[in-house]
Amino acid sequence: MSATATPVIERRPVPLWAFRTGAGGFVLLGAGHLALVGAAVRDPSPEQQASSRAMGETRMTLLGLERSTLEVFQGMSLAMALFVITCGALGLTAVRQFPALVQRRTAFGWTFLAASLVGLATSLMFLPLPPTVILTVTTCAFALTLRRART
């Protein structure tokens with residue numbers, strides 16, 4: 001009898017690939033938001049100008065600091081976009097250094113799935129289609145990570 005060797009195709013484990021897809025989606029979501037905000041600031045429509053003017057005229061005091069509604073809105077928008085980018089980058093870096101974080105079912109993977117689910121639920125209620133699509137992909141990727149991970 002002759003023995004034939006079957007070539008073994010080495011593939012990246014699914015949990016790592018899926019997690020990187022989800023974390024990359026977070027980075028894409030935050031960067032896309034910053035790009036859209038930047039475009040709106042540079043060339044606002046007449047409606048955006050009227051809205052910004054009205055928000056700029058409305059003042060509020062938060063923790064002893066007086067700010068316009070526009071300043072609060074822009075600050076929160078910027079902070080949230082940077083936070084999402086940072087979370088995605090943190091996830092990508094952590095998985096590169098410690099792949100066992102997602103090769104096994106750990107709180108690390110569950111935390112990213114929970115964050116993605118909250119973002120998806122929020123986007124379904126309040127946001128247009130692009131962030132909803134990205135968050136659907138990230139949620140599915142993180143869920144697949146946990147499904148394929150070892151217990």
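Residues: numbered from 1 along the sequence shown.
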Inset, instruction - May I ask you to check whether over 12 heavy atoms, not counting those of Met76, lie within 6.0 Å of atom CE? - result: no

Legend entry - More than 12 heavy atoms of other groups within 6.0 Å of Arg96 CZ: no

Legend entry - Inter-residue atom distance Leu90.CG - Phe108.CZ, 0.5 Å rounding: 6.0 Å

Legend entry - Co-membership, hydrophobic cluster, residues Ile85 and Leu36, 4.5 Å side-chain: no

Inset, instruction - Tell me whether the centres of the aromatic rings in Phe142 and Phe26 are closer together than 6.0 Å. - result: yes

Legend entry - Rounded distance (nearest 0.5 Å) linking atom CZ of Arg148 with atom CG of Leu16: 13.0 Å

Legend entry - Exercise: identify the closest heavy-atom pair between Thr132 and Ser123: OG1-OG, 3.3 Å

Legend entry - Shortest non-hydrogen separation from Met55 to Ser68 and the atoms involved: O-CB, 3.7 Å

Legend entry - CG on Leu127 to OG1 on Thr122, rounded to 0.5 Å: 7.5 Å

Inset, instruction - Report whether Leu113 and Leu28 are members of the same hydrophobic cluster (ILVMFWY, side-chain heavy atoms less than 4.5 Å apart, transitive linking). - result: yes

Inset, instruction - Dump the intermediate steps for side-chain contact (heavy atoms from CB on, under 4.5 Å) on Leu70 and Gln74, then the final yes or no. - result: CA-CA 6 Å; Leu70 181 62; Gln74 289 174 335; 3.7 Å; yes

Legend entry - Val37/Ser77 under side-chain contact (heavy atoms from CB on, under 4.5 Å): CA gap, chis, key distance, verdict: CA-CA 9 Å; Val37 167; Ser77 180; 3.9 Å; yes

Legend entry - Check: Thr21 side chain, Trp17 main-chain N or O, donor-acceptor pair, under 3.5 Å: yes

Legend entry - From Leu146 atom CG to Arg104 atom CZ, the distance as rounded to the nearest 0.5 Å: 14.0 Å

Inset, instruction - For Ala89 and Val27, work out which heavy atoms get closest and say how close. - result: N-CG2, 3.7 Å

Legend entry - Full working for side-chain contact (heavy atoms from CB on, under 4.5 Å) between Arg59 and Glu71: CA-CA 9 Å; Arg59 308 292 295 174; Glu71 290 168 330; 4.0 Å; yes

Legend entry - Cluster link Trp110 to Phe98, ILVMFWY, side chain under 4.5 Å: yes

Legend entry - Distance in Å, Cys87 SG paired with Leu29 CG, rounded so as to fall on 0.5 Å steps: 11.0 Å

Legend entry - Atom pair CE/OG1 of Met60 and Thr69 - distance to nearest 0.5 Å: 3.5 Å

Legend entry - For Asp43 against Gln48, the heavy-atom pair lying closest together: O-OE1, 4.3 Å

Inset, instruction - Answer with yes or no whether the hydrophobic clustering places Leu135 together with Leu124; edges join I, L, V, M, F, W, Y residues whose side-chain heavy atoms lie under 4.5 Å apart. - result: yes

Legend entry - Gly30 versus Val84, closest heavy-atom pair with distance: N-CG1, 4.0 Å

Legend entry - Taking every non-hydrogen atom, the tightest pair across Ala141 and Gly22: CB-N, 3.7 Å

Legend entry - Same cluster (ILVMFWY, side-chain, under 4.5 Å), Val137 and Leu144: no

Legend entry - Passing option when Arg20 is tested against Leu92, Val102, Thr145 for side chain to side chain contact (heavy atoms under 4.5 Å, CB included): Leu92

Inset, instruction - Mark yes or no for whether Arg147, through its side chain, and Ala143, through its backbone, hold a donor-acceptor pair below 3.5 Å. - result: no

